[in-house]
Amino acid sequence: MTQEQASVITIFGGSGDLARRKLYPALFQLYRHGILRDHFAVIGTARRPWSNEYYRDIIATSLEGEAGAVSDAVHAFASHFYYQSHDVTDADHYVTLRKLSSELDDRYQVGGNRLFYMAMAPRFFGIIASHIRSEHLLSANGYNRLVIEKPFGRDFASAKELNDSINAAFDEDQIYRIDHYLGKEMVQSLMAVRFANPMFKAVWNHDYIDNVQITLAEAVGVEERAGYYETAGALRDMVQNHIMQLIAYVAMPEPESLTPNAVHQAKRSILESLKPLTPEDAAENFVRGQYVGDTPDQPDYVQEEGVAADSKTETFVAGRIELTDSAWTGVPFYVRTGKHMTRKSTQITVNFKPTKQNIFAPVGCNELAANSLTIFVEPEEGYRLVINGKQLGQDFHIGQFPLNFRHDANAIANAPEAYEHLLQDALAGNQTNFTRWHELKATWQYVDKIRQAWDASDVMPTYKSGSMGPDAAAALLAKYGDHWSWDGSAND
Ligand code: NAD
């Protein structure tokens, strides 16, 4: 029997895009599966003067197309939602919110649990946290948890300032910082692949691994997010958070257990072993790029609405990252991410070293190919392991054979979405799939060095929309005798 989680959930930014597209559908799925049942209420806040009825219509609309969203279920679910017009900068408004929270706590017999979700622009995070404390919204007889959306700062200094302001009101074990990649099925599967398979555990180090490649390719451009993207760029938007978290999961030592502390300790040891970059290293090992239209109907990045004509914001990053952890000496982690790339795909390839002993040379196999393991994170979800074997035939010729598995579309559609996993974890008090301050500190300090090197230079290579990035991204690997394992074509 699924354990019901009782809570009064307050969503700051309840009329926003994230709440409508991600949070309400995820909460509905939790309701459908009995994790939210009778003892919960959701307070949506934003500045607009909405009624509860209007808000519940918004909730119902946001669930259109969701599995199980038949009208009775939607109606029953939406009846737990309450709207409170609220300016987060106005301390008085928190008093109304406190009264409503405790009234709903009584009505739904929640037992004092409070989950505060900040689905708003990051500049408000600090002030909301401090008002929650100063205006006594924290409950004395249940838990108090704060869920924070990304971006968490735009460099180390601003992340620290934000962290300090949140820490003034909440303890670290009450803070749930979202990196939604950690809610993805295939990211969570990385631990299973690594630690449930002796065949991988035995070879997961620099003796056997030649390089690791991580690609987060998007087919779309900036679309309606240009205003935000202009101030962020691919480095801040994707590398500091998602790519660094993937590196941590690929490289971390086996944690002692699955407890949040053990997993975070293992991840921390890797992120704190990012090899510090000198300005020269940063300039040498990181490439940026900006897309330009490949056909007349495709705009260049600088022609997008909301983008400055002389913008120096990168829409693509490729880099070579090294770790000082002794398990990974000499193993480069090649990473890249960009908009308007050939096709959407997040994938991780571990390229092993070829076998040192080749007994097949006398029968003409001078070069033996290396094994590789690819983990497809999205939109395809699955694995490909490439092994060597004998080709059928009279002669002894060795060929490469991919062992492929993909979850089918139906299974993917029925699996929980990232926000569903993360909201369930936050309600259950499991911090494993949220980021801790030490991880953010290490990754921002690393990324700041790249930013500084780029800010000191005018070089901004371009790449054609629909390609795999600027030529410099291929040249970066070629310099080290490597190449990108995935060329952007459909995965076999
Ligand atoms: P949004 O602009 O759509 O929504 C912002 C919300 O804040 C609205 O409900 C607005 O009414 C409210 N608001 C603004 N000023 C206010 C004030 N002074 N007092 C009270 N309410 C106020 O933003 P969004 O896209 O929903 O993003 C919210 C957060 O989630 C951001 O931190 C964003 O970076 C993050 N995020 C969003 C997405 C996404 O897909 N939308 C994805 C990842 C992360």
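Both ligands and their constituent atoms are indexed starting at 1 by order of listing. Being a predicted model, the structure only gives us computed values, none of them experimental. By convention here, the first residue in the shown sequence is residue 1.
- Applying the side-chain contact (heavy atoms from CB on, under 4.5 Å) test to R21 and every residue at least two apart in sequence or in another chain returns D17.
- Within 6.0 Å of CD in E305 there are 12 or fewer heavy atoms belonging to other residues, nucleotides or ligands.
- Around ligand 1 you find G13, G14, S15, G16, D17, L18, R21, A46, R47, H86, D87, V88, A119, M120, P122, F124, F125, E149, K150, P151, each with a heavy-atom distance below 4.0 Å.
- Counting heavy atoms of neighbouring residues, nucleotides and ligands inside a 6.0 Å radius, atom NZ of K150 exceeds 12 of them.
- Residue-environment remark: CG (D408) exceeds the threshold of 12 foreign heavy atoms within 6.0 Å.
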- Task: Show the numbers, then the answer: is there a side-chain contact (heavy atoms from CB on, under 4.5 Å) between N163 and F125?
- Result: CA-CA 10 Å; N163 200 54; F125 294 167; over 6 Å; no
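- A cation-pi arrangement is not found for R177 relative to F434, the charged atom failing to lie both closer than 6.0 Å to the ring centre and inside a 45° cone about the ring normal.
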